[in-house]
Amino acid sequence: MNLFPKMLSTSLMVVCLENMQAKPRTSLRQPDHRGRLGRGGGRGHGDTRTGCMRDPQLDGKGGRPHNTPPNTPSRKPSLPSERPEKRMTLPSRFQKEVHAHILRNPQHINVPSNLNENTTPPKPRLPHSAPYSPKLVQSRLQEVLNKHSNGLWVSKLPQLYREHYKQDLPSEALKELENWTHICTVEKPCSSKPQELLLYPAKETSQITPTPTHDRSPSHHKKPQTQRPSLTAKSNTPESPKALSPDLKQKLGELLLKYSSGLWAHALPKLYQDTYKCKLPEFVLDQLTLLSDICTIDYPVPDNPKRAILYAKVVEDENRNQSGLAGQEMKLERRLSSQTVPPLVIPRVEYPSVLVVDASDTNCVILRYIGEGYSKAQEKLEDEMREFYRQDNTKMALRSPSPGQLTAVGAEEEDDIIRAQVCEVMADKVKVYYVDHGFSEVISIRKLFELNEKFYRLPFQATKCKLAGLESFSQEQAVLKKLESIATGKILLAEILEREDMPLVVLYDTSQDDDVNINAACMKALQDRSLESPLKVNSAYMNVSVTSVCSDGTIYCQVPSRGLTKLNEILEKTENYFHSQVTSESLVSRPFCGKNCLARYKGKWSRVEITNLHGSRVLDILFVDVGVQASVEVIELREIPPPLLRDLISTPAQALKCCLAGLPVSVGLWTPDAVQWLRDTVLHISDCSLKIAKVDETKRLAHVYLFTSKNFHDTSCSLNQQLADSDLWNHQKDVFLSSRGPLKSLNVPTATQTSSLKTDRGDKALHTPKKTSPPLGSKSTPAGSPPERLSLPPALELPEIGQNMDVFVSVACHPGHFVLQPWQDMYKLVVLMGEMILHYNKMEEKALKVEKNQVCAAKVENNWYRVLVKGVLTNGLVSVFQLDYGKHELVSGTKLRPLTQEFCQLPFQAITAQLAGLKPRQWSEEASIVFRNHVEKKPLVAQLESVQEASQPWERKVMIYLVDTSQEERDIWLHDIMAEFTDEMTKTA
């Protein structure tokens, strides 16, 4: 089973919350309309602007390039495969581009091999198409006024607003300032010019509870008292506080800091109650502006002010930063004297390849980045050094080395010359550290040469990192021994969780069929094997508890053992710990795959392992001691208490993985009726018996005979035999199930008994109901029954003809067919998908009888999508069209669910489009490659030319001009690019 691609390529929407579940902070730079005047005639690719090119830099908010869309997927890098080189005659300026694309993409797929290309950030500009949100502007205005309590000129407000929020202040807000008396006071000084006004924070007497003003008409000027009725109309109701108490503010600030990627406001009450054992005052959610000095408030759902996302404000200690910087500079100067080497920049790709050099401490692993600009740049530098030092006149010996000095070192037998730093000087020897290779050595002083200044330009390639989850066990011999054996000297993939000076990473070995999470494997090295569940052939066990029955016939059991007894004792201590602790330290703020933590199961804290992340808010977990999978929100997780960490980590998982002897393990061979019967029979009995018939050590899978009585000597009385003899085992005439067996593409185990889990948002947590669900075929849940008729969402609103909109190109076949998504509203889709994951992952896996043109939900990889059924195949597969992404997929019928009305509020986001400004033609493969390279998986500006309406929203088609405005000095009109390509192709034909 290939685990890593599952984790890295879940969907287009799997990135952290700060980039996905919040509205984009800036819109794309809008093109200059003058660029349209010469379209098709000139070949300058758009309007050229004056000014110098800016250096690429990362967006300060999220740590990712600004031009990288918020829904860029994380995918395992694909290696170029062997393919005969295509013969084609292309214009010279396109040859390199097309040739490189063919090498990277031997087959045309929707996902490019490098999703981190084109990361030159556009300059933040006015969000021309951004909707005006009065409440958001009011919140931000209050923040600005808090910093200018003595007042400021209204004429200066737009500039301050732009500096703080990288957006222009909406003109509507300037017209409504006088009405916002709860936010500010506007005065007109006698001595000032008529157009100048002074702005002050709201006076104490006017600080009443605000209500958002949804009327955007400039003429809507009424007195605040009549416009906003008081929320405290009842005379006997106490007035809400005008400010938070210092204690409440501190506690809320602590919670927000734990979730730096953002926290939903509606999650605050439960989180506050669980953390501080007291109720959050109700007025906090009603007056979110009271939090404006500790957080930034965003409203992704304008119609529901309580559905807001809160972002903690991090106040930097400038003195501390300056002193720290000075200390670093002094240290660098002391070590390198006047010699300066640029710092090593962490690769922008989300999963860079690394070579692990030294692993003697998990908090200080030495590695080197592999690829362009790193290992290849180092090889080029050392080739240059070899040529340079071959000449006798340049080979100057370093006669008086000093600690910290850089030097060139000659190898023993070869003529290689590499960079090093002097660590210690002895009589005739010196200890050096090879700054590009990450190890030290004592060598003869005669091997040292002066390092020429031109070899200072490349940063030191050996760098350090910390392994996430192993911080408390950095010196454990069992951990280091395991790390040495599976990581040192190997090229691995690194998932970078924190991009600090010493980044926090998770390492993966993807060289074999089964990918290995290095961090998780090292953590398992701490387990006490004597506490594992016993696996002895012909052994019988009583008082066995079956905790999970999966769709493929796999079952998980808890067998009485020393390990189970110890685990129960530790978990009891865990309950007592959380009852006595009032702190936010236990909240999980940095989730990652393979992390061990706690979540509630049947009302009590249980051990879980994070198996997949859908952003930073929703994730998949495995209850390791019961074998149950679930999808939960990150706020439901807790860190393992430090006093109990070692005991819990050293106790192996107590869920014994089994299958029924004599019966196959396959989703395709187990009918839903058979699975349901087995669940109803054994899940709620704590005194089952089992006898082990065979053990597969490689999979740690026990083949057992299962009994509900103590008579485990007679296998004819086993549940195995009852199932084999019953009608439940006979297949129903259902193409979805009968076809599942031979499909190799469906052989990934789907052992997810998430239907028995319920995650409420109150004090309760995950629990198993006394009765899971009625057997399939019952009147209450008829098999394959069609869903109730849906009220489909309204068609996506488009701008007027000739107007611009920011878009993201999700699919690009050629200029005649590609798919857009509205860039500004993508965060709404992410919110929707997170809710769909939480909802549908709790449902049973069963076939849904569907018809062509039916709208439903489908699971593709690890995410749920809104889809249109295009066709039902006889082999059990269903052809579907993703209504929000424009992709076509083949899925099993068991992966379909009825789409509930709750998920039909947001318009379908996919817009089928054709590029304007070009004559219709049959596009060649080379032209399609050029087009895809310029537009696919990129945010662009679209200018609407025409709309071809249709009866259904997914049949509507638009004709648009596409403009790339990521470069400040020019607008790149894509029809110009394609017109030039076809013209030059015609000339060379």
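Atoms considered below: every heavy atom in the structure, side chains included; atoms not considered: hydrogens, waters and symmetry mates.
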- prompt: Between the main-chain N or O of Ser586 and the side-chain N or O of Arg638, is there a donor-acceptor pair closer than 3.5 Å?
  reply: no
query: Which pair of non-hydrogen atoms, one from Ala267 and one from Ile635, has the smallest distance, and what is that distance?
result: CB-CD1, 3.5 Å
query: CH2 of Trp264 to CD of Glu633: how many Å apart, nearest 0.5 Å?
result: 9.5 Å
query: Between Asn596 (side chain) and Ala520 (backbone), is there a donor-acceptor pair under 3.5 Å?
result: no
Leu648 and Leu567, any side-chain heavy atoms less than 4.5 Å apart: yes
- prompt: Just checking, any donor-acceptor pair under 3.5 angstrom between side chains of Asp361 and Gln475?
  reply: yes
message: Out of the candidates Thr574, Leu637, Val588, Ile621, only one should pair with Leu598 under the side-chain contact (heavy atoms from CB on, under 4.5 Å) rule; please name it.
response: Thr574
Flag, side chain of Thr565 to backbone of Ser561, donor-acceptor distance under 3.5 Å: yes
query: Has the side chain of Thr547 got a donor or acceptor atom that lies under 3.5 Å from a matching backbone atom of Tyr556?
result: yes
- prompt: Does a donor on one side chain sit under 3.5 Å from an acceptor on the other, for Asp509 and Ser511?
  reply: yes
- request: Only one of Asp696, Asp552, Leu701 passes side-chain contact (heavy atoms from CB on, under 4.5 Å) with Cys659; say which it is.
  value: Leu701
message: Is there a side-chain contact between His839 and Trp864 in this structure, where contact means two heavy atoms from C-beta onward sitting under 4.5 Å apart?
response: no
- prompt: Below 4.0 angstrom, N of the basic side chain to O of the carboxylate: do Lys481 and Glu484 qualify?
  reply: no
- request: Give a yes-or-no answer on whether the side chains of Gln676 and Asp680 include a donor-acceptor pair shorter than 3.5 Å.
  value: yes
query: Is the shortest distance from a Lys or Arg side-chain nitrogen in Lys595 or Glu639 to a carboxylate oxygen in the other one below 4.0 Å?
result: yes
task: Please determine, by modelled atom types, if Ser892 and Thr894 share a side-chain donor-acceptor pair under 3.5 angstrom.
output: yes
message: Keeping Gln654 on the side-chain end and Pro652 on the backbone end, is there a donor-acceptor pair under 3.5 Å?
response: yes
- prompt: Does a side chain donor of either Asn862 or His614 reach within less than 3.5 Å of an acceptor in the other side chain?
  reply: no
- request: May I ask you to decide whether Glu636 forms a salt bridge with Lys270, counting only side-chain N to carboxylate O separations under 4.0 Å?
  value: no
message: Looking at Asp687 and Met542, would you say the former's side chain and the latter's main chain have a donor-acceptor pair under 3.5 Å?
response: no
- prompt: Do Val505 and Leu467 come within less than 4.5 Å of each other through their side chains, counting heavy atoms only?
  reply: yes
message: Keeping Ser580 on the side-chain end and Tyr577 on the backbone end, is there a donor-acceptor pair under 3.5 Å?
response: yes
Donor-acceptor contact present, side-chain Tyr541 to main-chain Cys688, <3.5 Å: no
field: Asp515 side chain reached by Tyr508 side chain, heavy atoms, under 4.5 Å
entry: no
message: Test your reading of the model: is there a side-chain donor-acceptor pair from Thr362 to the backbone of Leu470, 3.5 Å cut-off?
response: yes
